[in-house]
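Since the structure comes first, as structure tokens, the remarks are kept for the end.
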Amino acid sequence: MNIWLSAKHGLTALFGRKQHERELDDEVHHYFEQAMREQVALGIPPAEARRKVQMEIGNATFVREEVRTWGWEHRVDTLLADFRYAFRRLKNNIGFTTVAVLSLALGIGANTAIFSLVNATLLKRLPVERPEELVYVRSSSNSFSYPDFDELRTHNTVFSGLAAWGGISGSMGVGDETSLVTGAIVTGNFFSVLGVQAALGRAIGVNDDRTPGAHPVAVISDQLWHARFGKRADVIGSAIRFNGQQFTVIGVAPPSFQGAVQGQMRDIYVPMMMQSVARPPRAQFSGEMNANLLNRRNNRWLTAIGRLKPGTTAPQALTQLVAIGKEQERLQPADGGRSSTSAVIGVNEGLGDRTQLVSVSRLLLLVVGAVLLIACVNVANLTLAQSSSRKKEVAVRLALGATRARLIRQLLTESVMLSGMGGAIGWMLAWGAVRALRAAPPPEGALPIALDFSMDANVLAFTFVLAVLTGVLFGLAPAIQSSRPQLVPALKDQGIGANDRARKFSGRNSLVVVQLALSLVLLITAGLFLRSFGQTQLLEPGFDAERVAISALRINILRYTRTQGRDFYRQAVERVEALPSVQSAAVGRWAPLNGGNSIRSLLVQGRDGSEEVFSREVSNPTEIAGNAINVNTISPRWFETMGVALSHGRDFTTRDDSGSTSVAIANEAFVRKHFANTQAIGQRISLDGREGPWREIVGVSKDFKIVSLTEDPQPLVFLPVLQSHETGMTLFVRSRTASTTAIAAQVRSEVQALDRNLPLSSVNALSDLVSTSLYTARAGARMLLAFGIMALALASIGLYGVISYTVSRRTREIGVRMALGAQPIAMLRNVITQAATLALAGIAAGIVVAFSVTRLLTSFLYGVSTYDAVTFAAIPLVLLIVAVAASIVPARRAMKIDPIRALRSE
Amino acid sequence: MDEETTDVIQGTLDMLILKTLSLEPMHGFGVARRIEQITRDVFKVNGGSLLVAFKRMEREGLLEAEWRDTENSRRAKFYSLTRAGKKRLEQERTQWNRRANAIARLLTTEA
């Protein structure tokens with residue numbers, strides 16, 4: 001098959017139709033004419049000759065058709081004809097077209113929106129080179145210290161490159177403006193291991209990372225370049241102030257680059273050797289010495305990422321890294337042990353905090369899939385209703401010789417055109433919804449991963465394919481059924497025969513029952529989520545969220561000495577407490593429900609325990625191992641400020657300082673876990689290994705929620721800030737009034753007055769944190785409710801359609817009944833009963849499905865059984881009422897049927 | 001009609017057309033008759049199939065067509081072989097001979 005010739009001939013036929021037809025005509029005519037001449041030459045009379053020729057060759061028209069229909073252009077021709085015809089039909093039935101297109105738009109649009117979420121957050125790959133070769137390396141306590149990482153980097157043979165990064169935040173000054181930025185501090189080989197080139201300038205290289213403090217260079221993100229430098233090319237080489245020190249911008253990262261982990265925005269990258277300037281905000285160090293985390297084995301704050309050598313697998317790498325760790329420990333035992341490698345994970349599997357997102361996405365996809373299914377059934381029913389009025393047309397075409405396949409193809413073209421339009425409108429609906437969501441993003445920290453809804457080419461392809469499949473799905477059954485009418489009655493324009501009564505189990509009725517069942521399941525799911533949300537709203541956080549406001553004091557940026565730091569905290573508390581509307585103030589390392597907890601190694605005196613010593617900062621810790629404990633460092637009167645009571649012992653006082661006995665306070669959960677049968681007061685614990693210091697427990701506090709409102713009480717230990725200095729603390733302020741808005745500005749100005757160089761930090765009410773932690777539950781419930789209502793609306797339309805149709809088909813029968821004396825009101829009752837029966841069937845089926853399906857929701861629900869009686873009773877009732885309401889209009893129409901006219905027409 | 005006449009299968013039809021047109025350019029009916037003549041009525045060509053075959057082979061580049069005026073009728077479409085067509089004819093001929101020999105050998109050997 002010669003493509004070029006085939007194309008040329010086909011196109012000539014398509015565009016030079018008249019000439020082509022004439023040529024074909026001539027050729028066939030000539031053929032027959034020659035045959036005729038042959039016969040005549042044999043002496044056969046013309047009439048006889050013609051008959052013989054016709055018998056031998058066949059009908060001229062038939063032959064011409066046979067030749068004309070061969071070729072790809074003919075298929076295109078018929079397709080175009082189908083489209084034109086479908087378009088005309090849809091235009092002539094504008095009512096049907098509108099309802100169908102809108103139903104489909106809702107269904108397809110919902111699917112598109114959810115898919116764009118899935119696509120952007122779950123399917124998106126890291127924008128790095130050959131991501132299948134990259135792996136994250138995790139330690140038993142999640143992160144590595146720099147010395148431990150360096151050993152792994154030096155001694156391994158499985159990676160072509162092993163790099164590390166840590167999250168940092170700091171103040172960045174460009175010109176006169178200073179603001180807070182988040183970024184990453186990276187080893188020199190970070191960008192080359194990832195295979196990422198700078199979009200402008202150059203990326204950080206190995207030569208920038210040899211000597212501590214020698215290369216103050218930085219790579220900025222494309223977003224920052226846009227926001228602070230107006231995308232000017234002269235940003236390369238320009239100077240910025242990072243944490244007070246001058247850095248040179250050497251490059252701009254590519255626009256889609258978000259660092260080594262998806263979903264975390266990083267605006268600045270600096271070399272690891274600049275660590276003394278760019279500290280991770282949560283690594284503890286004493287302000288006196290220049291923090292040198294590069295030398296400290298016990299501060300674990302780095303995440304490692306490596307590129308496997310070709311032919312090496314992740315398990316092999318894991319084995320070798322573990323071996324290296326053991327060998328190094330043997331050669332050079334470290335105080336407090338080494339962090340040992342615990343896992344090597346491919347980057348495309350993510351760092352494990354996506355499992356919840358995966359299950360949520362799965363649920364949402366099922367839900368919108370159900371909505372689309374309901375919409376499809378609606379359109380299928382509508383199409384079927386249409387088909388009865390097309391019986392005659394179809395019969396004529398069949399009689400004229402059209403094949404069923406041809407007819408089915410043409411009917412499918414109509415369906416696909418409908419779903420195509422529905423898809424286009426659905427795409428626009430989804431786009432609008434996404435924009436609305438972008439304008440109202442979740443509060444910071446409400447979700448573990450940044451949500452992205454960008455609608456790229458993948459999403460468009462998805463919408464397109466979905467539209468086509470939908471069209472085929474709902475169009476196929478009606479098409480097959482329509483192309484099979486009984487020819488004779490259809491041609492004679494006879495209506496429904498006596499045998500054609502509405503059967504109880506007719507296809508259309510069962511479809512409506514399915515729709516109602518699906519809506520019921522969706523609504524029950526939504527109802528369960530709503531109840532769960534209601535339950536979580538009732539949860540007490542354990543502290544007084546209404547009266548407390550917090551503000552971050554990031555003095556690590558200012559590089560205070562320890563004394564300066566202590567003074568700062570003391571002064572901040574004093575000044576704020578002097579405000580008239582403030583009842584009390586205190587500082588604490590972290591605030592509950594705000595992420596960012598501090599996990600340290602734990603030893604209880606007199607008990608066995610691991611010798612490993614570590615401390616790390618973790619966001620939302622879910623499980624804490626037996627030898628670890630969550631720690632918060634607080635000032636005196638913190639408990640009073642937070643409204644948390646002490647059940648035993650005492651609070652910290654100003655006398656608990658570096659000169660006196662080391663003390664600690666534990667919460668009741670800690671006491672239950674470690675001192676179940678003994679007195680906790682007086683026991684001693686160490687967070688720094690066997691060498692101590694051993695801290696004596698002097699008080700026991702009540703439990704409060706730490707990570708999420710739905711958690712079980714978690715053990716927690718408190719240290720006094722005077723005995724355990726921190727370089728970043730949060731200020732807690734308790735207001736005299738019930739709301740904190742009044743004092744926010746005052747607190748801010750008091751703190752600002754202490755040091756002009758401190759980057760401004762917002763003052764937030766703790767109650768905001770509480771409602772933020774409820775965000776997912778609330779958003780989820782709302783979304784499901786929206787989809788559930790969508791589903792119910794569509795199903796109601798479906799029910800309305802079916803009842804209407806039944807009434808119109810029964811016009812004659814109803815006319816007869818009324819003529820025989822039935823009361824109109826009885827007809828109304830009859831129709832409504834019919835609708836109610838369908839609804840009840842749907843409810844029954846739906847409840848059965850719901851019972852088996854809601855089991856899967858356990859992980860999402862709090863405080864609500866998956867068989868919650870209230871939900872399972874209320875929702876079916878709602879459905880029944882809606883179904884009856886949907887049938888009222890057709891029922892009233894039945895009532896108004898004039899018996900005489902009914903009998904006369906038909 | 002003779003019971004032994006059979007409808008022509010497509011592959012064989014191609015070969016017959018190529019062979020016929022290798023002798024001289026011809027129009028549709030002429031080809032049909034010539035085929036019947038040469039094969040002594042063993043192969044009878046269906047008019048529609050023949051014209052479709054012409055169309056197909058033209059698109060495969062084996063034939064080219066030319067309109068000529070005829071004396072007492074409208075114009076007629078004359079087909080002739082292209083160089084590719086001639087080559088295909090040779091290929092078909094060789095292949096056919098190989099197959100025929102193989103079958104002949106098969107049928108004449110004792111079990």
Side-chain angles (χ1 to χ4, degrees), chain A residues 1-14 16 18-42 46 49-77, chain B residues 1-2 5 7-8 10-11 13-14 17 20 25-37 41 43-85 87-88:
Chain A
M1 181 57 48
N2 186 321
I3 302 285
W4 164 243
L5 277 176
S6 178
K8 190 173 84 157
H9 279 104
L11 286 171
T12 333
L14 271 180
K18 265 215 192 91
Q19 185 194 355
H20 189 255
E21 294 284 315
R22 223 187 13 241
E23 283 184 1
L24 180 58
D25 230 9
D26 285 350
E27 187 173 6
V28 174
H29 174 94
H30 178 84
Y31 196 95
F32 273 79
E33 196 208 27
Q34 295 292 88
M36 281 286 291
R37 289 227 266 150
E38 188 193 50
Q39 294 296 319
V40 166
L42 290 176
R50 194 166 299 129
R51 200 179 53 85
K52 276 196 78 180
V53 163
Q54 290 237 314
M55 241 178 42
E56 189 189 325
I57 306 175
N59 182 294
T61 312
F62 204 71
V63 169
R64 195 173 61 219
E65 279 307 296
E66 199 180 333
V67 181
R68 192 173 70 83
T69 56
W70 191 93
W72 65 266
E73 71 274 13
H74 176 71
R75 274 195 287 276
V76 169
D77 223 11
Chain B
M1 287 291 118
D2 204 329
T5 53
D7 265 330
V8 171
Q10 184 188 306
L13 177 60
D14 281 15
I17 292 175
T20 314
M26 227 181 279
H27 57 69
F29 190 73
V31 172
R33 274 294 174 259
R34 182 69 64 85
I35 290 178
E36 283 168 26
Q37 242 173 40
D41 272 354
F43 286 119
K44 285 214 46 110
V45 185
N46 176 296
S49 327
L50 183 68
L51 291 179
V52 169
F54 282 150
K55 197 173 180 182
R56 180 172 36 82
M57 290 166 77
E58 207 182 345
R59 292 198 183 183
E60 283 178 17
L62 303 173
L63 304 179
E64 54 193 1
E66 181 187 33
W67 285 95
R68 297 187 196 168
D69 284 322
T70 60
E71 323 82 39
N72 32 14
S73 65
R74 304 187 329 225
R75 54 191 187 151
K77 202 171 184 186
F78 278 73
Y79 293 92
S80 54
L81 282 192
T82 60
R83 201 164 39 207
K87 203 157 55 164
R88 173 68 71 85

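Sequence lines set the chain letters: A, B, ... in the order given, protein chains first and strands last, and positions in each chain run from 1.
- Side chain of Lys55(B) to backbone of Gly71(A): no donor-acceptor contact under 3.5 angstrom is found.
- Only the side chain of Leu50(B) has a heavy atom closer than 4.5 Å to any heavy atom of chain A.
- Distance check: Phe54(B) CZ to Glu27(A) CD gives 7.5 Å after rounding to the nearest 0.5 Å.
- Across Leu5(A), Val63(A), Asp26(A), the residue that shares the most heavy-atom pairs under 4.5 angstrom with chain B is Asp26(A).
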Inset, instruction - Please lay out, stage by stage, how Arg59(B) and Trp72(A) fare under the test side-chain contact (heavy atoms from CB on, under 4.5 Å). - result: CA-CA 11 Å; Arg59(B) 292 198 183 183; Trp72(A) 65 266; 3.6 Å; yes
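- Atom CD of Glu23(A) sits about 5.0 Å away from atom CH2 of Trp67(B), to the nearest 0.5 Å.
- Using a 4.0 Å cut-off between a side-chain N of Lys or Arg and a carboxylate O of Asp or Glu, Glu56(A) and Arg33(B) qualify as a salt bridge.
- The line from CG of Leu24(A) to NZ of Lys77(B) is 8.0 Å long, rounded to the nearest 0.5 Å.
- Crowding of Arg68(B) atom CZ: a count of heavy atoms from other residues, nucleotides or ligands under 6.0 Å exceeding 12.
- Atom CD of Gln19(A) has 12 or fewer neighbouring heavy atoms from other residues, nucleotides or ligands inside a 6.0 Å radius.
- Residue contact with chain B, scored on non-hydrogen atoms closer than 4.5 Å, involves the backbone of Arg68(A) exclusively.
- The distance from the CD atom of Glu58(B) to the NZ atom of Lys8(A) is 9.0 Å, given to the nearest 0.5 Å.
- The nearest pair of heavy atoms linking Glu66(A) to Val52(B) is O-CG2, 3.7 Å.
- Of all heavy-atom pairs between Gly47(B) and Tyr31(A), the closest is CA-OH, 3.6 Å.
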